[in-house]
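First the structure, in the form of structure tokens, and then the observations on it.
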Number of protein chains: 2
Amino acid sequence: MEGTGAALSGRRREARRNDALVVDAAREVFAAHPDAPMSAVAERAGVGQGSLYRRYRTKDELLHRVCLEGMHAIQAHARQALADDGDPWESFERFMRGYLDSGAGVQLSLAGTFTPGPDLFAAASETHALIQTLIDRTASAGRLRDDITAADLSLLVAQIGGLRLNAPERDRELHHRYLALVLQALRPSAAAPLPGPPATAAEIEDRWTP
Amino acid sequence: MEGTGAALSGRRREARRNDALVVDAAREVFAAHPDAPMSAVAERAGVGQGSLYRRYRTKDELLHRVCLEGMHAIQAHARQALADDGDPWESFERFMRGYLDSGAGVQLSLAGTFTPGPDLFAAASETHALIQTLIDRTASAGRLRDDITAADLSLLVAQIGGLRLNAPERDRELHHRYLALVLQALRPSAAAPLPGPPATAAEIEDRWTP
DNA sequence: TTCGGAACGGACCGGATCAGTCCGGTCCAC
DNA sequence: GTGGACCGGACTGATCCGGTCCGTTCCGAA
């Protein structure tokens with residue numbers, strides 16, 4: 001009778017519902033305060049700490065889950081942009097907005113706070129590769145300056161998304177304001193050489209290895 | 001015999017030297033880790049905690065001092081740019097680099113961690129006014145897009161300067177890379193409307209009031 | 001209706017961290 | 001030589017947080 005996917009009821013259903021609540025709450029809480037305590041997650045989810053720890057036996061486990069889900073969301077945005085065969089710049093722009101809204105900034109700031117595990121590293125690599133593919137496509141269509149790497153983009157988006165000033169909605173507004181600014185500088189028409197070597201994949205992925 | 005500026009000797013001289021060391025160390029340490037413990041500052045300064053606390057009776061006092069000095073440095077950069085009557089854009093660009101190197105990012109991230117005091121608020125206001133003056137001058141010379149406020153600049157610089165990835169020198173390199181990118185988007189030639197209302201003085205200065 | 005037990009919530013525990021204190025030692029001035 | 005200012009860093013008391021434990025609640029079967 002276990003794992004059959006049959007209708008759940010009673011406590012079973014509540015458990016399932018709590019599970020989703022917890023992950024959502026964790027994403028929101030850690031996005032606002034990367035070093036938030038577990039009790040904050042529990043409170044936000046409207047759940048006791050006991051229930052929280054029954055599902056995720058350790059804080060690392062929960063952070064791991066949140067990061068992995070975030071990366072999958074970003075990958076989905078990238079794949080969607082790659083599948084889109086309209087204007088390459090517009091696809092790219094949409095991707096960047098999606099990237100920003102996925103709370104990408106969170107993950108990079110979370111990266112140091114727990115021990116990553118190999119699957120997270122793999123996910124980070126794949127995410128990076130997808131973004132680089134998208135960049136190459138857009139650049140070779142002549143719509144994106146060609147001295148920018150996927151790592152550059154990740155850092156820029158992470159920094160912009162990390163801005164925390166006021167209420168969340170106002171912050172989101174500012175994030176998009178500054179993303180729009182950066183996007184203008186990413187067009188090739190504005191190109192003038194940038195100082196220093198670009199960020200590399202290794203510089204970022206090192207954060208996802210113990 | 002006190003305060004005459006006469007040559008100091010012995011322990012007196014050591015005390016004076018330690019005083020400078022401590023402030024420098026504090027700036028560096030808090031720049032790297034805004035929530036660093038006092039012991040880290042003492043260690044970096046090569047000084048015992050006792051000496052540290054004899055000079056600054058509380059952590060807040062030290063943070064206060066660091067922030068105030070940082071603001072004065074930024075004000076000096078702004079005044080220098082305003083006094084410079086060469087190419088307005090080049091003055092502006094130099095100012096932005098100086099702003100970034102002053103560890104401007106630090107202060108905003110430090111802003112929440114202690115109780116500010118009225119003189120810091122005054123310094124923040126003056127800093128903001130100076131930057132706005134510089135912006136107005138550059139924009140009315142037609143060299144800067146006119147939908148950007150001083151608060152926008154402060155946030156952008158703070159975010160860029162807040163990037164912490166690798167060794168300090170490499171980080172500085174990346175900071176300047178991304179500042180260069182943003183500077184391109186700030187030129188009026190690249191202007192396309194930005195979404196959302198700009199950041200306001202109040203949004204930033206609220207951080208400097210209890 | 002009753003009963004067994006699964007899931008719940010939150011009080012609680014042990015360890016770590018850190019701001020701030022205290023004291024024994026050091027080095028200078030006289 | 002000696003008094004005392006200044007030094008460093010061990011120490012303290014409070015706070016915070018990850019993780020555990022247990023009394024309570026509610027479901028479903030008999």
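Every value quoted in this text rests on a predicted model; they were computed, and no experiment measured them. Each chain gets a letter, A, B and so on, in the order its sequence line appears, and its residues count up from 1. In what follows, every heavy atom counts, from backbone to side chain, and hydrogens, waters and symmetry copies are set aside.
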Along nucleotides 15-22 of chain D, 5' to 3', which nucleotides get a B, which get an S, and which get a -, given that the test is a protein heavy-atom distance under 4.0 Å? --SSBBB-

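- Distance, B/L21 CG to D/dC7 C1': 14 Å, rounded to whole Å.
- Counting to the nearest Å, the P atom of C/dA11 and the CD atom of A/E43 are 11 Å from each other.
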Could you pull out every donor-acceptor pair under 3.5 Å between side chains of residues 109-125 of chain B and any protein atom, sequence neighbours left out?
{"residue": "B/S109", "atom": "OG", "partner": "B/V106", "partner atom": "O", "Å": "2.7"}
{"residue": "B/T113", "atom": "OG1", "partner": "B/L110", "partner atom": "O", "Å": "2.8"}
{"residue": "B/T115", "atom": "OG1", "partner": "B/D60", "partner atom": "OD2", "Å": "3.1"}
{"residue": "B/D119", "atom": "OD1", "partner": "B/H64", "partner atom": "NE2", "Å": "3.0"}
{"residue": "B/D119", "atom": "OD2", "partner": "B/H64", "partner atom": "NE2", "Å": "3.3"}
{"residue": "B/S125", "atom": "OG", "partner": "B/F121", "partner atom": "O", "Å": "3.2"}

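- In plain terms, the two heavy atoms of B/L174 and B/L163 that are nearest each other are CB-CD2, 4.1 Å.
- The side-chain heavy atoms of A/Q159 and B/I160, taken from C-beta on, include no pair separated by under 4.5 Å.
- Between the CZ atom in A/F92 and the CZ atom in A/R187 there is a gap of 10.5 Å [rounded to 0.5 Å].
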Stepwise side chain to side chain donor-acceptor pair (under 3.5 Å) test for A/D101 and A/H176: CA-CA 9 Å; A/D101 285 336; A/H176 282 277; 2.9 Å; yes

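- Look at CZ on A/R55: it is 15 Å from P on C/dG9, rounded to the nearest Å.
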